[in-house]
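Presented below is the structure to which this report refers.
Labels below follow one simple rule: chain letters A, B, ... track the order of the sequence lines, proteins then strands, and each chain is numbered from 1. Worth knowing before you read on, the calculation uses all heavy atoms, side chains too, and leaves out hydrogens, waters and symmetry mates.
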2 protein chains.
Amino acid sequence: MQLQEGKERFIEAWGTLGSSWGVTRTMAQIHALLLVSTTPLSSDDVMEKLQISRGNVNTNMRMLVDWTLAHKKLIPGERKEFFVAEKDMSKVVKSIVIARKKRELEPMLRLLDDLTEVEGKDEEAEGFRHVVKDLKLYSDKADSALDALIKVDSNWFFSTFLKMLK
Amino acid sequence: MQLQEGKERFIEAWGTLGSSWGVTRTMAQIHALLLVSTTPLSSDDVMEKLQISRGNVNTNMRMLVDWTLAHKKLIPGERKEFFVAEKDMSKVVKSIVIARKKRELEPMLRLLDDLTEVEGKDEEAEGFRHVVKDLKLYSDKADSALDALIKVDSNWFFSTFLKMLK
DNA sequence: ACCCACTTTCAGTCTTTAGTGAAAGCTATG
DNA sequence: CATAGCTTTCACTAAAGACTGAAAGTGGGT
């Protein structure tokens, strides 16, 4: 496979994957584009390469910066802003875990906390509290696990983790 | 909080959470409804309680069965099909992990495998292969980790996991 | 102080995805 | 083997979410 084709397939596929991941196709595509670009890119560069509007680029680029998957890179003599992607994959993984935990796990923890307070002594109420309690248990465990994953160096984490499972 | 209010909030919130989890609001709501129901429910029951159409119930119910989050329960003397939710949360977690891994991780592994084959000896090609290789590394690790999580008893997994991180 | 080169915003439009409901498909029962 | 009772399908509609582009905002340079 030629490099150019590889890059195109990567950008295309990363975008598609993005949706199953809860980020928009465009955000994922811009991310992919930056990841495989050897130089910083401006909004105009991205608009042209992905054939999308200025507003769209602006919004999604700021989202990428927000997730810390990209950052601004000022180029001397240029007034435009340029962007580069974070290329240290352990950091990329970390950023994604943080963002997804915030969106997918934390609201659940809050919900379950509220729901432990249902009253009632009959079997039905007990059953309900049991469901909530159990879910809370697993959510808390996932929460701690992900926090740990975020804190430690990813390489250390994974290698230790895998040794453990052998 | 009263039991009835608790159940309603749970169903409502589980639905909302569902979307951030990549399942439709309705599928998640039906799941929640079954989880807090003490008896098996028929399509008609679900239609009435959630105020949704028969087709919608049918589609999403079959999805829940597909994910192994619910199963049919035949009631003697009834021609209708009834459904109950899996209430063992370690199994619920497992099912969800399996489904999400299939949707979110496996297509990525396939993509990255393909992309390792780009040709070229210049720096740009090397850079591209490096990005792909690194992503592959983390994806493979996540893959193994999730496989392990799926195989082992969840309680064992989490407790060992947490001890390790202390 | 004004202009120019850019960035940001947002109302409106387009696209994508979910939900409806009626018709077609099954199947147990008399 | 006809029918009633239920399940499944699917063309259409509704709702949600993403994208556009033009207008407003910003700030460095002269």
Side-chain angles (χ1 to χ4, degrees), chain A residues 11-34 40-67 70-84 99 103-104, chain B residues 11-34 40-67 70-84 99 103-104:
Chain A
I11 292 167
E12 157 93 37
W14 203 246
T16 307
L17 268 154
S19 356
S20 85
W21 259 68
V23 310
T24 66
R25 206 178 53 106
T26 303
M27 177 170 160
Q29 281 188 344
I30 297 176
H31 185 214
L33 179 61
L34 289 175
L41 301 181
S42 67
S43 294
D44 292 276
D45 295 334
V46 176
M47 283 169 69
E48 199 210 312
K49 299 221 180 166
L50 301 180
Q51 292 293 305
I52 56 180
S53 74
R54 185 174 300 284
N56 199 8
V57 171
N58 186 271
T59 306
N60 287 104
M61 197 66 102
R62 272 166 332 101
M63 239 153 165
L64 284 171
V65 170
D66 192 54
W67 284 44
H71 55 89
K72 287 184 188 174
K73 171 95 188 178
L74 291 177
I75 293 192
E78 288 273 11
R79 271 178 74 176
K80 281 188 216 179
E81 292 181 321
F82 287 75
F83 295 87
V84 295
R103 280 202 321 188
E104 299 177 22
Chain B
I11 292 166
E12 156 92 40
W14 203 247
T16 308
L17 267 154
S19 355
S20 84
W21 262 70
V23 310
T24 66
R25 207 176 54 106
T26 303
M27 176 171 160
Q29 282 189 343
I30 297 176
H31 184 215
L33 179 61
L34 290 174
L41 300 180
S42 68
S43 294
D44 292 276
D45 295 333
V46 176
M47 283 170 70
E48 198 209 312
K49 298 220 182 173
L50 301 181
Q51 292 292 306
I52 56 181
S53 74
R54 185 174 302 285
N56 198 8
V57 170
N58 186 270
T59 306
N60 286 103
M61 197 66 102
R62 271 168 331 100
M63 238 155 166
L64 284 172
V65 171
D66 192 53
W67 283 44
H71 54 91
K72 287 184 188 174
K73 172 95 190 179
L74 291 177
I75 295 194
E78 288 273 11
R79 269 178 79 175
K80 281 188 214 177
E81 292 180 321
F82 287 75
F83 295 87
V84 295
R103 281 201 323 186
E104 300 177 22

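The residue among A:Asn56 and B:Lys72 whose nearest nucleotide of DNA chain D lies closer to the 5′ end is B:Lys72. The residue among B:Gln51 and A:Gly55 whose nearest nucleotide of DNA chain C is located toward the 5' end is A:Gly55. Residue A:Ser19 is the one, among A:Ser19 and B:Ile52, whose nearest nucleotide of DNA chain C lies closer to the 5' end (criterion: closest heavy atom).
Contact between the side-chain N/O atoms of A:Asn58 and the OP1/OP2 oxygens of C:dT7 is not found at any separation under 4.0 Å. Contact annotation: A:Thr59 side-chain N/O to D:dA18 OP1/OP2 distance is not under 4.0 Å.
If you take CE of A:Met47 and P of C:dC6, they are 12 Å apart, rounded to a whole angstrom. Here the P atom of nucleotide D:dT7 and the CZ atom of B:Arg79 are 10 Å apart, to the nearest Å. Remark: P of D:dA16 and CZ of A:Arg25 are 22 Å apart, rounded to the nearest angstrom. As a whole-Å value, the separation of B:Leu50 CG from C:dT20 P is 10 Å. One can place CZ of A:Arg54 at 14 Å from C1' of D:dG25, the figure rounded to the nearest angstrom. Spacing between atom CE of B:Met61 and atom C1' of C:dG19 amounts to 16 Å, rounded to whole angstrom units. For the pair A:Glu81 CD and C:dT8 C1', the computed distance is 10 Å after rounding to whole Å. Rounded to whole Å, atom P of C:dT7 lies 9 Å from atom CZ of A:Phe82.
Candidate nucleotides C:dT8, D:dT20, D:dT7 were compared by shortest atom distance to the side chain of B:Lys80, and D:dT7 ranks first. Closest contact between the side chain of B:Ser43 and the listed nucleotides C:dT20, C:dT7, D:dT7 involves D:dT7. Of all nucleotides listed (C:dA5, D:dT7, C:dG21), C:dG21 comes nearest to the side chain of B:Ser53.
Considering only heavy atoms from C-beta on, A:Lys72 comes within 4.5 Å of A:Phe83 through its side chain.
B:Met47 and B:Val57 get closest at one heavy-atom pair: CG-CG2, 3.6 Å. Heavy atoms only, all atoms of each residue included: B:Ser42 and B:Asp45 are closest at N-OD2, 2.8 Å.
Side-chain atoms of B:Thr16 come within 3.5 Å of backbone N or O of B:Glu12 as a donor-acceptor pair.
B:Arg62 pairs with exactly one of B:Asn60, B:Asn58, B:Thr59 by the side chain to side chain donor-acceptor pair (under 3.5 Å) rule, that one being B:Asn58.
Heavy atoms of B:Arg62 sit under 4.0 angstrom from primed sugar atoms or phosphate atoms, though from no base atom.
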